[in-house]
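Report on the structure given below.
No experiment lies behind these values; they were computed from the predicted model shown. Letters A, B, ... are given to chains in the order of the sequence lines, protein chains preceding strands, and every chain is numbered from 1.
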Amino acid sequence: MTQTEYLIVGASHAALSALQAIRMQDAEGSITMVTRDDALPYSPTVLPYVVSGRSAPERVALKDGAWFEQHKVGFIRGAAVTALDAAAKRAKLSSGEEIAYGKLLLATGAAPILPPVPGLKDVKFHVLRSLDDAVKLNKALPNTKQAVVLGAGLVGMHAAENLAKAGAAVTVVEMQPRVLAGYFDAEASSIIEAAFAAKGVKLMLGAKVSRCETAGQGVRVATDGDAALDADLLLVAAGVAPVTDFLAGSGVAIDRGVLVDDTMRSSADGIWAAGDVAQAKGFYDEAKTLNGILPSAVEQGRIAGMAMAGDPAVKPWPGGVPLNTYTFFGQQAVSVGSQDAGEVVRKEADAKHYLKIVMQDNRLTGIFGINVPFDPGVMWELILRRIDLAPVREAFIADPQKTARSIMSKTWR
Amino acid sequence: MSAYNTIAFKPEHCDGCNACMTACATAKAGSADIINSRIQIVADGDSFELAMCRQCGDPKCVANCPAAALSKDDADGVIEWDGSKCVNCLLCTVGCAFGGIVYNAAAGHVVKCDSCGGDPACVKACERGALTYLTTANIYNEVGDLEDLFVPGLAGCQGCNTELIMRHTMRRIGPDTVLATPPGCIPGMGSVGYNGLTGTKVPVFHPLLTNTASMLTGVKRHYKRQGREVNAVALAGDGGASDVGFQSLSGAAERGEQILFICVDNEGYMNTGMQRSSCTPFGAWTSTTPVGERGAGKTQDAKNMPLLMMMHNCEYVATASTAFMEDLYDKLDKAIAASKRGFAYLHIYSPCTTGWRFPSQENIEVARKAVEANFVMLWEFNPRDGLKLTRDVDNALSIDEYLMALGKYRHLSGDQVAHIQATVEKNVGFIKGLAEGRHPAMAQAMSGRA
């Protein structure tokens with residue numbers, strides 16, 4: 001049986017960020033990293049670009065073997081944790097191997113949700129969460145004439161764009177009345193929707209798939225509105241859910257994800273969780289929520305790693321702020337913060353540009369833009385620090401980028 | 001792990017001319033449009049702020065990159081962007097809280113500062129000294145592996161730079177050293193040790209204030225007779241050097257003893273209760289030049305110790321400041337080499353947080369202001385080349401900026417400030433005269449003195 005001081009399950013942003021934080025504090029303690037993928041660490045976020053062919057699969061590795069060697073980390077790939085004995089501090093791998101650990105980080109991420117659509121399980125479809133998925137989709141692109149994408153979230157929209165660029169006729173079916181509903185309001189989404197429509201992508205919004213069935217070499221997708229869509233490629237991108245199945249019976253408290261406190265500690269002794277698998281408090285609302293975005297994974301991983309290694313400089317998780325960036329057909333959309341945690345103090349939109357600023361008590365709570373330049377990292381910091389913008393309110397509303405940079409340079413340079 | 005060079009910005013010197021941005025845009029995008037500049041100066045009323053890449057030690061842009069397109073170069077510390085890997089997702093811009101990596105519409109991807117390979121165009125374009133390229137990191141890379149010859153836990157006052165001076169200098173001088181630390185702050189903080197253990201990893205002794213240089217003379221000559229190459233070094237305060245210690249110091253310098261004498265000048269007897277010394281400047285409060293109904297600080301000007309030592313025609317004499325560490329190290333190296341041939345004297349200014357009355361975190365800034373206001377000038381001397389300024393004395397900071405930073409000058413009247421201003425100007429003229437080889441100026445000054 002392998003013994004390790006730190007066991008990290010998962011190998012993407014949260015896991016790597018934790019590993020680095022541990023090594024900052026503890027240069028020698030043994031670390032083992034286990035990932036279910038038989039690949040070097042990669043980011044799920046890069047996968048749409050593997051699909052499009054922009055990123056070669058062999059060039060997306062975030063770390064290589066030499067890096068693991070340099071950081072004295074045992075890296076086990078292609079093995080999932082199948083069972084956990086939290087009391088005995090032991091993890092069992094799909095390879096049969098058992099690992100005894102001192103401290104454990106769960107950074108297993110999330111896996112695609114399959115919606116309960118009748119017939120879905122019996123047809124051929126794609127998902128996009130692993131490098132294998134991406135490579136399969138990439139190979140399918142040239143032969144795809146008609147594609148249906150279920151879900152207009154980030155994964156679905158990226159894939160729809162790539163499929164359209166590859167020459168397929170694409171239809172996106174989304175239950176919500178607009179695309180990217182988690183990040184943008186109706187006006188902003190309509191700019192994105194228009195860009196897709198201009199490229200011939202058909203968006204069926206507010207629509208629900210009622211049934212899937214095999215039709216010839218492909219799939220026939222029926223919607224509530226009695227439309228029947230024929231596809232030689234079906235992509236299910238209806239969201240993701242934390243990977244927690246192996247924790248059944250382990251005693252680790254789970255709601256939708258692994259419940260963690262402000263230092264990413266789970267309910268079980270010696271177990272932390274970070275990234276898409278973790279359910280931590282929100283920034284605007286103390287209730288614990290999933291905030292499965294890359295920047296949160298990096299932050300949570302760092303906090304978990306520092307806490308695990310006993311780094312005295314660890315600072316508590318400030319709460320998850322929803323944020324993301326989205327590029328589509330060469331345009332840039334950025335969403336930082338909450339749409340509805342304050343009042344809209346500026347909003348303007350035309351066919352190509354959009355800017356909305358939301359404030360409460362002269363503090364920024366959200367800023368959203370399409371093709372309007374501002375620094376999302378600076379805005380995030382303004383929100384987290386709850387900086388009083390009263391003295392510069394007008395200037396900030398008029399020119400958020402410049403004013404925020406000025407505040408940054410004076411406050412945390 | 002290495003230390004890295006960096007671009008530094010001093011907003012107080014910036015007038016918003018935008019030359020840096022034009023230079024950057026021209027160098028990086030071939031267009032003078034400042035929107036393409038990777039350094040962004042932001043006007044904020046009358047002052048200026050800066051947004052640019054900090055080349056962070058633990059960069060979040062790199063951690064946030066899903067495509068491994070960003071990496072920190074171990075050799076030069078620059079965060080590099082690989083266009084062949086970048087997928088334009090902009091998540092790096094979410095990670096950066098400094099506006100240092102930004103989407104550029106003309107380029108069609110994010111751009112960031114790459115320090116121009118160590119020769120930044122923006123710095124070269126800045127005529128007002130608001131931007132500088134700091135290469136002090138080289139010191140760490142050069143001497144970081146040398147052994148620290150003091151024990152941990154020396155008990156200096158909070159914010160004191162003397163411990164820094166001691167550790168830096170001895171690390172460079174090396175272990176083949178006998179060290180003298182006459183009464184003052186340096187033994188006071190534990191360098192001679194407690195309870196039979198020394199605070200150094202080299203032989204150290206605690207001479208009287210009066211006989212530091214004579215005792216070192218004996219030690220050095222003894223080892224020479226034995227055929228051993230040993231550095232004889234003094235780390236002394238200004239009181240020990242300039243007052244009762246002066247006759248032995250002057251004698252050793254005149255005889256050309258092979259000694260390295262470092263005077264750490266905090267302008268008084270600071271560890272015994274902040275009494276005045278002959279190095280205390282005019283107007284300064286000390287416990288023996290009090291401020292009250294009749295007193296208004298010291299009524300005499302400071303003795304110019306380094307100039308006096310220069311007039312001994314020593315093998316090497318220099319002044320240095322911990323705000324200018326590269327200069328300090330350069331002079332230290334020359335002083336060490338000179339001490340193998342004759343007497344070397346290094347005068348290092350040491351602002352005293354306790355005795356000069358300023359916040360403990362501002363020591364280096366006070367040291368910097370002293371130099372920038374010409375209250376202290378940085379120069380070096382050897383008998384062959386004469387005196388040479390190592391830092392330009394033109395475009396000096398106003399003397400007020402220095403005086404206002406210190407509590408010991410808080411009481412000064414306008415007349416006193418004018419006196420100090422005049423003294424500074426006289427000193428600058430005198431040193432410049434020497435530096436420019438105007439020997440008549442030197443002769444005139446000397447006769448004026450007599």
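- No part of B:Cys61 comes within reach of chain A, as not one of its non-hydrogen atoms sits under 4.5 angstrom from that chain.
- Of the two parts of B:Asp82, only the side chain, counted from C-beta on, holds a non-hydrogen atom closer than 4.5 Å to a non-hydrogen atom of chain A.
- With a 4.5 angstrom heavy-atom cutoff, B:Tyr103 touches chain A only via side-chain atoms.
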Problem set entry | Residues B:Val110, B:Leu70; criterion side chain to side chain contact (heavy atoms under 4.5 Å, CB included); working and verdict | CA-CA 11 Å; B:Val110 290; B:Leu70 291 165; 5.9 Å; no
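- Nearest heavy atom pair, residue B:Pro359 against residue B:Thr353, reads O-CG2, 4.4 Å.
- Residues A:Trp412 and A:Arg385 share a closest heavy-atom pair of CB-NH2, 3.2 Å.
- The two residues A:Gly292 and A:Asp276 have their closest heavy-atom pair at CA-OD1, 3.2 Å.
- Smallest separation of non-hydrogen atoms from A:His13 and B:Cys65: CE1-O, 3.5 Å.
- Proximity to chain A involves both the backbone and the side chain of B:Val94, based on heavy atoms less than 4.5 angstrom apart.
- Minimum interatomic distance between A:Leu62 and B:Pro66 (heavy atoms only, all atoms of both residues): CD2-O, 3.7 Å.
- For B:Ser84, the parts lying near chain A are the backbone and the side chain together; criterion is any non-hydrogen pair under 4.5 Å.
- In terms of non-hydrogen atom pairs under 4.5 Å with chain A, the most contact-rich of B:Ala69, B:Gly108, B:Ser47, B:Cys86 is B:Cys86.
- Between A:Tyr326 and A:His158, the angle of the ring planes goes over 60°, which puts this pair in the perpendicular group of the 30/60° scheme.
- Atom OG1 of B:Thr132 and atom CZ of B:Phe9 lie 10.5 Å apart (nearest 0.5 Å).
- When heavy atoms are compared at a cutoff of 4.5 Å, A:Ala61 approaches chain B solely by way of its backbone atoms N, CA, C and O.
- Contact count versus chain B (heavy atoms, under 4.5 Å) is highest, among A:Ile407, A:Thr325, A:Val336, for A:Thr325.
- Note: A:Val46 leads A:Leu16, A:Val392, A:Val46 in heavy-atom pairs under 4.5 Å with chain B.
- In terms of heavy-atom pairs under 4.5 Å with chain B, the best-connected choice from A:Glu381, A:Arg59, A:Lys402 is A:Arg59.
- With hydrogens and angles ignored, the 3.5 Å screen pairs a side-chain donor or acceptor of B:Gln55 with a backbone N or O of B:Cys113.
- Each of B:Cys89, B:Cys92, B:Gly95 has some count of heavy-atom pairs under 4.5 Å with chain A, and the biggest count is that of B:Cys89.
- Taking B:Val87, B:Asp44, B:Asp58, B:Asn64 one by one and counting their heavy-atom pairs under 4.5 Å with chain A, the maximum is reached by B:Val87.
- At a threshold of 4.0 Å, the pair B:Arg368-B:Glu365 counts as salt-bridged, since one of the basic side-chain nitrogens sits closer than that to a carboxylate oxygen.
- When heavy atoms are compared at a cutoff of 4.5 Å, A:Pro295 approaches chain B by way of both its backbone and its side chain.
- Per-residue heavy-atom pair counts under 4.5 Å with chain B were compared for A:Glu299, A:Gln20, A:Met24, and the maximum is reached by A:Glu299.
- In this structure, the portion of A:Ser55 lying under 4.5 Å from any heavy atom of chain B is its side chain and not its backbone.
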